[in-house]
Structures are given as C-alpha cells and as structure tokens.
Amino acid sequence: LNTQKSGVGVGVIGAGIMGADHAAILSRHVTGAHLAALCDADSERANRVAAECHAGKIYKDPAELIGEPEVQAVVIASPDHTHADLVLACLEADKPVLCEKPLASNPGECQHVVRAEMKHGRRMIQVGYMRRFDPTYQDMKRAMMRKGMGRPLVLHCIHRNPAAPGTTSDSVLASGAVHEIDIARWLLGGEIVHAQTWSPIPGGEDAVRDPQLVLLRSNTGALITIEMFENAGYGYEVRAEAVCEKGTVSLEAPADVRVRYAGSDSSEYPSDWRPRFALSYRNQLQAWVDGIVNGTSCGADAWDGYLATTIAHACIRSLKTGQGVEIKAETRPEFYR
Ligand SMILES: NC(=O)c1ccc[n+]([C@@H]2O[C@H](COP(=O)([O-])OP(=O)(O)OC[C@H]3O[C@@H](n4cnc5c(N)ncnc54)[C@H](O)[C@@H]3O)[C@@H](O)[C@H]2O)c1
C-alpha cells in the first residue's frame, strides 16, 4: 500500500464500485501519486473505502474535496448526472480531472464542458474510456493497421452483462454503448455519420429494450454493429471483430483458465467488467498521472467524450422513432489536435 504522501495528490469523488476501485489502484499500483482525499455522499461508504485505501481526508461534499489544497487532481466516479458540474468545478479550481464516462448526461452539457475547457486555455480533462489502455485492444488496433490488411470494412462489437437491474432503454446506450462507440472511433479513425438502433422485442411502454442492436456508419464508409445485451444471464463478455479488405482481426473474450473434464471443455465468464478490464483501469490511471507530471495529455479528451455522447443520443433517438439518424461530422477543434 502506498502510504507515502508523495507525488500528485489525487482526490476521488464517489466511493461506489468504480470510485473504490480507482482509490485502491491509486493507493496500491500507481507511482508518482497518492490518494489525498476521498468523497462520497454516503459517509459510511466514504469512511470504509478511505480506511481500506488510507485516504488522507474524507469529505461528503465534492466542492470541499475539489477545494482541498492537498488535492492537485481529481477522479470523478460519482453517477453520470453529476459529471458535468463536477468537471466544471475542477476547471474552475484549475485541477486536472479524470472523469468516468460519460463526460455528461447529454450532448448539450458536453458542449458546455468543451467550451469551458477551451476557454480555460489548457487541456485539463480526460474521460475514462479505459479500453484505449487495454493491451488487447491495442494489439487489435496494431493488427488492423498492419501492412497488407487493407481498409477496415466492418467492425462487430458485442457487449453483454449477466444482469443489469437499474438500467433503462436509454442508459443502455448513453452509459453502456458509449464504450463501444468510443473504441470504434479509436480503432477505425474517421467519424460516425449515421446511427440506427433496433430491438427485437417490442415490450410494453415501460419494458427495457434489451438486447439492442446498433448500426453505425462511418464517413470512411466502414460499418459498425454493436450488440448491447444487459441481461444475457451467463456472464460478462466483450468481444469484437474487424473485417478488413484482406483479413479479419478478432478480439476474443480472454479466458485464463480452461477446464477439460468428463467429456466437456469449459471456461468461466466473470460476473462483471472489473476482472476483464483491471489492467486497463490501472494503465489508464498511471498514464493520466504521468501526463500530469509531464504536462502531456492522453486517452479520450473532452471532444471524444462529447462525440461519444452525441452518437449515443442519436442512437436513443433512433430507438424511439424507429428511423435512422444522420449525425453531422464535426471537425475536431484545433485545441484538441
Ligand atoms: N469505465 C467503466 O468501465 C465504468 C464501469 C462502471 C461504471 N462507470 C461509471 O462510473 C461512475 C460510477 O459508477 P459506479 O458503478 O461506481 O456507481 P455506484 O453507484 O456504485 O457509485 C456511485 C457513488 O457515488 C456516490 N454519489 C452520488 N452522488 C454523489 C455526489 N454528488 N457527490 C459524491 N458522491 C456521490 C454514491 O453514494 C455512490 O457511492 C458512473 O458514471 C458510471 O457510468 C464506468
């Protein structure tokens, strides 16, 4: 456990599933930083996680954590609807911020954050699209770019959870599919210009539309399919396959242990996303801290966060109307190049 109070003092907002994980990674695995403070609206939770991770200070109000002098940078891991205001408060306090996805609840809020960062004049925001730091996605991208593979034509993405009690038809897209949208943009380059969403089971007014199938079109001509299945039952699984002009690249669900027994061959699926992406979260936090120390930026920026949310909301509109939705391809501002 890193109990040395050296390096960048990081404050974590939210001590739920993700905040507790980020706090643990900061206190155990990240070099050049320490967990200076932790905050949660639920004091009991904050106390428990702070004790486990040796957080220096504990707060209930995020504004106090952001204002704490020992906190030099902030990780936001509170619910989606809190993100925009908290990111803006970090900008106001001139503190770099790693904000869990999505950047904000809707494209308008994201635009507001982007404008505020540009006005601030310096890159301060990274969005927690951690798959960009996942070694297998990095290998996939390298394989797709190898000489002779040709252009990517289709990218298939599969994203399944065993069960997701709190999700809504919209949050499947705004909070879940955003991972697939971001990684598709990162793998393929180009911009998404069209979205259509289907769901096989009509359900009633209140029924969550699950699974959902999204078809996106990129301005490179490539097509992307995304299957989001929140209540798939058997376990957590993320897979992808890129179909290129001269070959294909598959990202399988990694299975560390395989059992051959009594005439069968089996492997286990995790019950959620954490084991699958444990290394990505670690790499992401280390790269973020290194960037703060070196004055560089990496990962998904606020512009990427804005586009992921814009595309997800086009998917939501399509699900509601049954029509395809055009998305204007916007030029990345100079500030984000
Ligand atoms: N990158 C990923 O793979 C990934 C995975 C899951 C969740 N997330 C994102 O991480 C965020 C947190 O998700 P979670 O699963 O940890 O949720 P969670 O419900 O487990 O935890 C959220 C915590 O925030 C606290 N909280 C609520 N409002 C607050 C406020 N205003 N100030 C301080 N604390 C507040 C709650 O008490 C709770 O402890 C969400 O935005 C979610 O979309 C990202």
Side-chain angles (χ1 to χ4, degrees), residues 11-25 37-50 52-53 55 57-68 71 74-90 97-106 109-110 113 126-134 137 159-168 170-183 186 228 230 236-238 270-285 287-288 299-300 304-305 308-309 312:
V12 175
I13 300 176
I17 297 172
M18 289 310 297
D21 260 23
H22 288 311
I25 294 170
L38 192 80
C39 153
D40 199 290
D42 177 339
S43 304
E44 206 182 301
R45 205 176 271 188
N47 287 334
R48 193 179 64 242
V49 176
E52 282 163 10
C53 302
K57 304 201 160 97
I58 308 167
Y59 294 102
K60 198 170 173 161
D61 178 0
E64 285 182 31
L65 176 136
I66 295 168
E68 161 60 46
V71 170
V74 178
V75 173
I76 298 174
S78 45
D80 298 1
H81 71 271
T82 64
H83 292 183
D85 283 348
L86 293 173
V87 171
L88 292 171
C90 291
V97 56
L98 172 62
C99 177
E100 261 307 342
K101 61 80 207 165
L103 175 59
S105 303
N106 57 59
E109 276 187 7
C110 288
V113 169
Q126 186 175 323
V127 186
Y129 287 114
M130 79 296 173
R131 291 187 189 183
R132 293 175 180 229
F133 298 91
D134 180 63
Y137 272 108
H159 185 148
R160 298 184 187 142
N161 277 292
T167 48
T168 64
D170 291 5
S171 76
V172 171
L173 296 161
S175 200
V178 281
H179 274 302
E180 306 301 331
I181 292 168
D182 181 71
I183 207 67
W186 183 76
M228 296 296 300
E230 296 291 327
Y236 178 79
E237 184 177 23
V238 159
S271 59
D272 70 26
W273 63 91
R274 283 174 292 172
R276 167 64 184 87
F277 288 112
L279 195 52
S280 322
Y281 295 120
R282 235 189 249 192
N283 292 347
Q284 170 181 253
L285 270 173
W288 177 63
D304 295 314
T309 292

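Order of listing sets the numbers, starting from 1, for every ligand and every atom in it.
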Report summary line: In ligand 1, the atoms that come under 4.0 Å of a heavy atom of His83 are 41 (O)
Report task. Run the numbers for me: atoms of ligand 1, each under 4.0 Å from some heavy atom of Met130, listed by number. Result -> 1 (N), 3 (O)
Query raised in the report: Is any side-chain N of the basic residue among Arg276 and Glu237 closer than 4.0 Å to the acidic one's carboxylate O?
Result: no
Requested in this report: Heavy-atom contacts with Arg45 under 4.0 Å: which atoms of ligand 1 show up? List them by number with element.
Outcome: 38 (C), 39 (O)
Report summary line: If you compare Asp272, Asp42, Ile17 by their heavy atoms, the one closest to atom 20 (O) of ligand 1 turns out to be Ile17
Query raised in the report: Any idea which heavy atoms bring Val172 and Glu230 closest together, and the distance?
Result: CG2-CG, 3.6 Å
Report summary line: Among Arg276, Glu100, Glu44, the residue with a heavy atom nearest to atom 1 (N) of ligand 1 is Glu100
Report summary line: So the atoms of ligand 1 within less than 4.0 Å of a heavy atom of Asp80 turn out to be 40 (C), 41 (O), 42 (C), 43 (O)
Report task. Report the part of Ser175 (side chain from C-beta onward, or backbone N, CA, C, O) that has a heavy atom under 4.0 Å from ligand 1; answer both or neither where that applies. Result -> side chain
**Report entry** From the candidates Pro79, Ala20, Ser78, Ser280, the one that places a heavy atom nearest atom 27 (C) of ligand 1
**Finding:** Pro79
Report task. With heavy atoms of Gly128 as the reference, note each atom of ligand 1 found under 4.0 Å away. Result -> 1 (N)
Report summary line: ligand 1 atoms nearer than 4.0 angstrom to some heavy atom of His179 are 1 (N), 2 (C), 3 (O)
Query raised in the report: Is atom 17 (O) of ligand 1 close to the protein, meaning a heavy atom under 4.0 Å from it?
Result: no
